[in-house]
Every structure is written in structure tokens, then in C-alpha cells.
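Quick one: the structure is below, questions incoming.
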Amino acid sequence: MQYTAPLRDIQFVMHELLDSQSHYARLPAYAELDTETVNSYLEAAADFAQSVLSPLNRTGDIEGCRFEDGNVYTPTGFKQAYESYCELGFPALTAEPEYGGMGLPTTLSSAVSEMMGTANWSFSMYPGLSHGAIATIEHHGTDEQKATYLEKLNTGLWSGTMCLTEAHAGSDLGIIKTRAMPNDDGSYAITGQKIFISAGEHDLTENIIHIVLARLPDAPAGTKGISLFIVPKFLVNADGSIGARNGVTCGSIEHKMGIKASATCVMNFDGATGYLIGPENRGLNCMFTFMNVARIGTAIQGLTAAQFAFQGAITYAKDRTAMRAISGVKDKDKAADRIIHHPAVRNMILTTKAFAEGGRALVYYLSQYADIVHKGAGVDGVDVKFADDMLSLLTPIAKAFLTETGFESANHGVQVYGGHGFISEWGMEQNVRDTRIACLYEGTTEIQSLDLLGRKVMGSQGRMLANFTKIIHKFCKEHEENDALGQFIRPLAKLNKQWGDITARIGLQGTQNPDALGAAAVDYLYFSGYVTLAYLWARMAVVAQVKLDEYDADLDSDKSLHGDYGFYDAKIKTAQFYFTKLLPRTAVHVARINSGEETLMAMDIEQFVY
């Protein structure tokens, strides 16, 4: 399948739904960024994604990465594509100008990442991992560390990784064993093994800068005893040139279900020279700087899976013929009707469309709060604390809900193709394999659910959730008298109130039995995700309805001459589908939440084998 960037919808979300121009005007760092400039970056990214990355997607899956004598070789064409990617300046989009960056907002880079990722997710993993390393050094590095690493990372000459987990630890980072022993010169000797390290070794850049979690000799147990270190593949000389090879090597690469062109490495640290970044024993706190960045990136993967499935499914369904439509012949010139006429097929395609377009709105909405957190400090009228709270609340929702709905959409893509969907050449089965990991890494859906309910909602005594439900309530009040929008506003207002009621009930149950929180968490996250997307779909419907009303009021004009009339009309119809066919799923999640934890916890461990 050849990817086509959905520029019209990307521009709709950025400029019409979220009013990016007003958003940027509030932040002095972005005040000079106008719509024309934004569109030029989007068009350049779309062209690169379509013409360079998309053709490499299937060949990269077929070839995969090659591991020989500790070296990793990326598939044919990847190295040349990466060089072009860097020449176009994409690695430096959001980086600070002081260190070779363009200083552009996260909202723009999220849109660029979406297009790159939909065209070729495996490729996008390589520069994507650098963003977290850059953010960590920017926020916690010394002036010397910034001067040593940032410019080369920002230009893409070097790349970065996150070396966190170990074979016995998984997501429980409090039990990692990698050690950091102080050296006489102020550096540290890092010894241990890390697994699942994306882009840990490859042939795209001349150096790789690893951000590594490790323990100092006298560190306290658990998460309070973890420090963070910079460990370069090659040591860096005083003049910035490449020095001797460091004691960090790739032991192997994983044989995976998907994203085969992205190297997932086992990394061995054998007394490797590392440099402390941030305070001792505060590594986990520093790590969350790049974890939020990484989780937004993972949410984007869920969006890309839905978009890829939608594009493939609609293209195929408009061409493939099978049987006659149950309501009568549709394509009289054909032996059978195209499958787009069958309601069951339309249901699958509209589901992928609703999740893709709704997911796009959520990622870009989330990214606006990231812009404020990044550049809003000290700006009059900009509440950075509120933005940070919103980012904290919405990140686990976006990461988990969008990856799960993205995976659902990917499966619909296969189903629409029927038997052909199971065949590699069509690209749908690769989409399923590539996106399955998104539900797992950066914290599984179940872990994100506990983070949302336990840490973000209950941990803030409901304050973070109230921030968002007040926004939704205000929106509903503003439009409650609009009869045309009642089909969206009334159910949204009801669910928004129910969100608060359910939260209070779970909180009360949790005080009596902590397992009640764990039992409710996943369904709570799904409920939260559906309501969050409902809010954004209602907002999109408002924007679309205003435009349609303007066209309808122009009595001297033929509506068909308005090229965008169909676009806005389709937006309303997709919102209607979301509210009538997908949003009712919330009722099932409420029923599951209300059922409590008893049936989950009643069985003895020994009884599971019967």
C-alpha cells in the first residue's frame, strides 16, 4: 500500500479545531510562526513520507535488521533515507536554536511524526528515540553536557536511546541491578545488561548516546535509589571529536513479531564510562522528562495504525466486488457490488476512520499542552501548572487508548481485505504486527490504567480529572441550546457527569479494598478514552457545522462548488457514527466497573489449572 498523507485533515485539526495560530501567539517562543510556515513544513514532511519512507516500509519488513559481530545493519535504503531526513532538518524541529535546533513547537513535530510513522514506523523509531535523550539532557544536563551532546543529537549526526529495563525487571524499574561505580576523574563505570533497547545499535549515525538507569554503591533500595547516566557508544574528546570505543556493546537483537526494520537490542555495559546526569538517586524523576515524550510518541503509533488501516481499507473496499448489496443492486455495470456498499464493511471502515481522526485530534490537543509546559513559563496569562496537570492526566489516556484502538483498527484493516488481508503484499497484516508492540512498550495498557486511576486521578484527590471535566462541562453549556448539535452535546454532558460519579464510587470502594482499584482500572481507562474522544469529536462537529451553515446561507452559490462542503459534511457524519456506534461501549465498561473485584479475586491460585 502506498501511503498518502491526510494533509487536509491534519490542517483541519491544527488550524480550525485547535486554532494553532492563536495558540502560538500566546507563547513568545512561537509567536512568529504563521499558518503558511506551518503548512510548508507539513507539506515537506508529507512529500518525504510518501516518496521516500513509504516505499521502504515493506522491504524493511522483509529484510529486517542484520546482526553480525556486535554490529547492526539496517535494511536497504534506510541509511540513505536517514541522511535525507537529516538534510531536510527534521531531527532539529523542536530542539533549542542555541544547540542547532529550529525551536518549533511539539504540535508541529507531532504532525510530522504522524506522517513519518504512518509511512514507515520502523524507520521513525530511530530518530524518535533521540527526542527523549535530547529532552533529558536539555532539562537535567550540565552546561558541559549540553555543549558536548546536544548539537550533534539535534542535527541527527548522533542518535540517542533510553536504556531502562532489564531481563528480570520489566516495567518494575525499582529492582534493576545495573551498577555505577565512581571513578577518580568524576565519571562512573557502568556495568550491567539492558534489554529491549530500541535503536541501541545501528549503522545510521557515527555515535549513539545512551541514557542509562543504574545504581550507585550506597543507593537505597527501590525506585529511590536509581540514578541516571549518559553513556556514549564512543567517548567524546575535548574538542568534540569521536574518541575511543566505550565499554558498551550490543549482545544480540530480538527476533520480533513486528517493526522488524527497527533494531531492538540487548545492550551489555562492561565497565562503560558514564556521566551522571541530574542528582544522585533521582534518576527516575529525571527519566519522566523523556517518558512523557516517549508516551506521546507511542500514542502517535496508535494513531498511525488506525490511519494506515483506514487508507488501505477504503481503497480496497471501493474497488473490490463481492455479492450484491442486500438493499439491491448498486453497481449495475459489474458482476457484483463493491464491498463498500455492505453495512458490515462500512462499520469496520468507519471505525478506523473515527479512531484515526479522533486520535489525531487527541494527540495534537495533548501536544498543545506540551507546548505550554515547554515554553509557557513566565508568560502572562499562561498557566503552566494547569497545562502540566492536563498533560499528566491525558498522557496515559492517549498512550493506552489510542494504541488499543489502533490495534483494533489494524485488525479491521485485515478483515476488510478478507483472505487478502492475511497476505503480506497488501500491507494490512504487517500493520497488525507492527502496531501490537505499541500496547506494550512505555508501560502496558494495564500499567497506564493504574497510573491514570491511581496516581493521576486518586493521587491528586480528583483535581486533575476535575480540571478536564470542567472544560467539557463549559463546552456543553456553551452549546446546549444548539438543536443541531444536541445529538452530540446531550450524551457528552451525561457521560461527563457520570465520569465524576464513577470516580467517586471507585475511590470509596478502594478505601475499603485496594483490589477494587486494580479491578476497575482498565475499564476506567477505556471509559475515559471514549469520553475524551467524544469531547473532541463534538468539538469537531461544532467547527464543521459552522462551516456548513455558512455554505448553506450562501443562497446564490451552488453548494457543490464549495470543495470543502463534502469534507465538513463527512466530519459531521463521522461524529454521528462515533456517538451512535462507538460511544455506547462506555455502558459495558461501566457495568464491568460496577461488578467489582470479587469474581476476579475469588479463585485460589491452585484452581487456575482446572
Side-chain angles (χ1 to χ4, degrees), residues 1-24 33-51 53-54 105 107-119 300 303-315 317-318 340 349-365 367-368 402 406 409 413 533 536-552 554 557-578:
M1 192 194 86
Q2 176 62 40
Y3 169 68
T4 302
L7 275 175
R8 180 63 187 91
D9 198 61
I10 289 172
Q11 291 167 343
F12 167 79
V13 174
M14 290 192 71
H15 305 317
E16 299 179 70
L17 176 68
L18 300 178
D19 190 9
S20 60
Q21 196 61 61
S22 296
H23 166 68
Y24 297 146
L33 185 61
D34 57 31
T35 300
E36 183 179 354
T37 303
V38 169
N39 286 343
S40 68
Y41 280 107
L42 294 176
E43 290 162 6
D47 179 66
F48 182 78
Q50 293 167 171
S51 62
L53 296 187
S54 183
T107 40
L108 178 55
S109 69
S110 291
V112 170
S113 295
E114 179 204 330
M115 289 185 276
M116 304 290 185
T118 313
I300 291 174
L303 156 60
T304 68
Q307 178 63 37
F308 191 92
F310 169 69
Q311 283 198 10
I314 188 61
T315 301
K318 288 167 67 175
I340 188 64
I349 296 174
L350 282 167
T351 297
T352 65
K353 180 178 174 65
F355 283 143
E357 294 178 12
R360 179 173 297 117
L362 176 53
V363 166
Y364 296 7
Y365 179 68
S367 297
Q368 282 198 337
L402 293 190
S409 298
L533 247 63
L536 292 165
W537 266 114
R539 283 186 58 178
M540 287 189 278
V542 168
V543 174
Q545 190 62 58
V546 169
K547 296 298 292 187
L548 291 176
D549 290 345
E550 290 176 1
Y551 291 150
D552 290 338
D554 187 0
S557 176
D558 182 351
K559 288 186 293 186
S560 65
L561 298 179
H562 291 290
D564 273 347
Y565 193 93
F567 173 85
Y568 293 115
D569 190 44
K571 192 65 70 175
I572 294 288
K573 290 173 180 174
T574 309
Q576 290 169 335
F577 173 84
Y578 181 83

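Note: hydrogens, waters and symmetry copies are ignored here, and every other heavy atom, side chains too, is used.
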Should L18 and H23 count as side-chain neighbours, where that means a heavy-atom distance under 4.5 Å? no
Which distance, rounded to the nearest 0.5 Å, do you find between the CD1 of I349 and the NZ of K318? 9.5 Å
Taken to the nearest 0.5 Å, the spacing of N39 CG from E43 CD works out to 5.5 Å
Which atoms form the tightest heavy-atom contact between A309 and T352, and what is the distance? CB-CG2, 4.3 Å
Quick one, Y568 and E16 - any side-chain contact, counting heavy atoms below 4.5 Å? yes
T37 side chain to L33 backbone, donor-acceptor under 3.5 Å: no
Nearest heavy-atom pair of A575 and A541: which atoms, and what distance? CB-CB, 4.2 Å
List the atom of I300, the atom of S113, and the distance in Å for their closest heavy-atom pair. CD1-CB, 4.0 Å
Can you sort out the partners of E550 under side-chain contact (heavy atoms from CB on, under 4.5 Å), two or more places apart, ordered by chain and number? V546, K547
When rounded to the nearest 0.5 Å, the distance separating CG of D564 from CG of D569 is 12.0 Å
From L536, T107, L17, residue fulfilling side-chain contact (heavy atoms from CB on, under 4.5 Å) relative to Y365: L536
Should the ring pair F355 and Y578 be called parallel, tilted or perpendicular, given that the plane angle runs from 0 to 90° and is split at 30 and 60? perpendicular
Between OH on residue Y364 and CE on residue M14, distance to nearest 0.5 Å: 7.0 Å
Distance col, row L303:CG vs E114:CD, nearest 0.5 angstrom, shows 4.0 Å
Within the 3.5 Å criterion, strictly below it, is a donor on Y3 or Q307 matched to an acceptor on the partner's side chain? no
Heavy atoms only: give me the nearest S367-S110 pair and the separation to one decimal. OG-OG, 2.8 Å
R360 and D9, any side-chain heavy atoms less than 4.5 Å apart: yes
Among K571, K573, R539, salt bridge (charged side-chain N to carboxylate O under 4.0 Å, His left out) partner for E357: K571
Less than 4.5 Å apart, side chain to side chain, heavy atoms only: is that true for V38 and Y24? yes
Under 4.5 Å between any side-chain heavy atoms of L42 and M115, yes or no? yes
Let me confirm one number: the OG1-NZ distance from T351 to K353, rounded to the nearest 0.5 Å. 12.0 Å
Backbone N/O of A354 and side chain of W537: donor-acceptor pair under 3.5 Å: yes
Closest approach of A5 to A46 (non-hydrogen atoms, all atoms of both residues): CB-CB, 3.6 Å
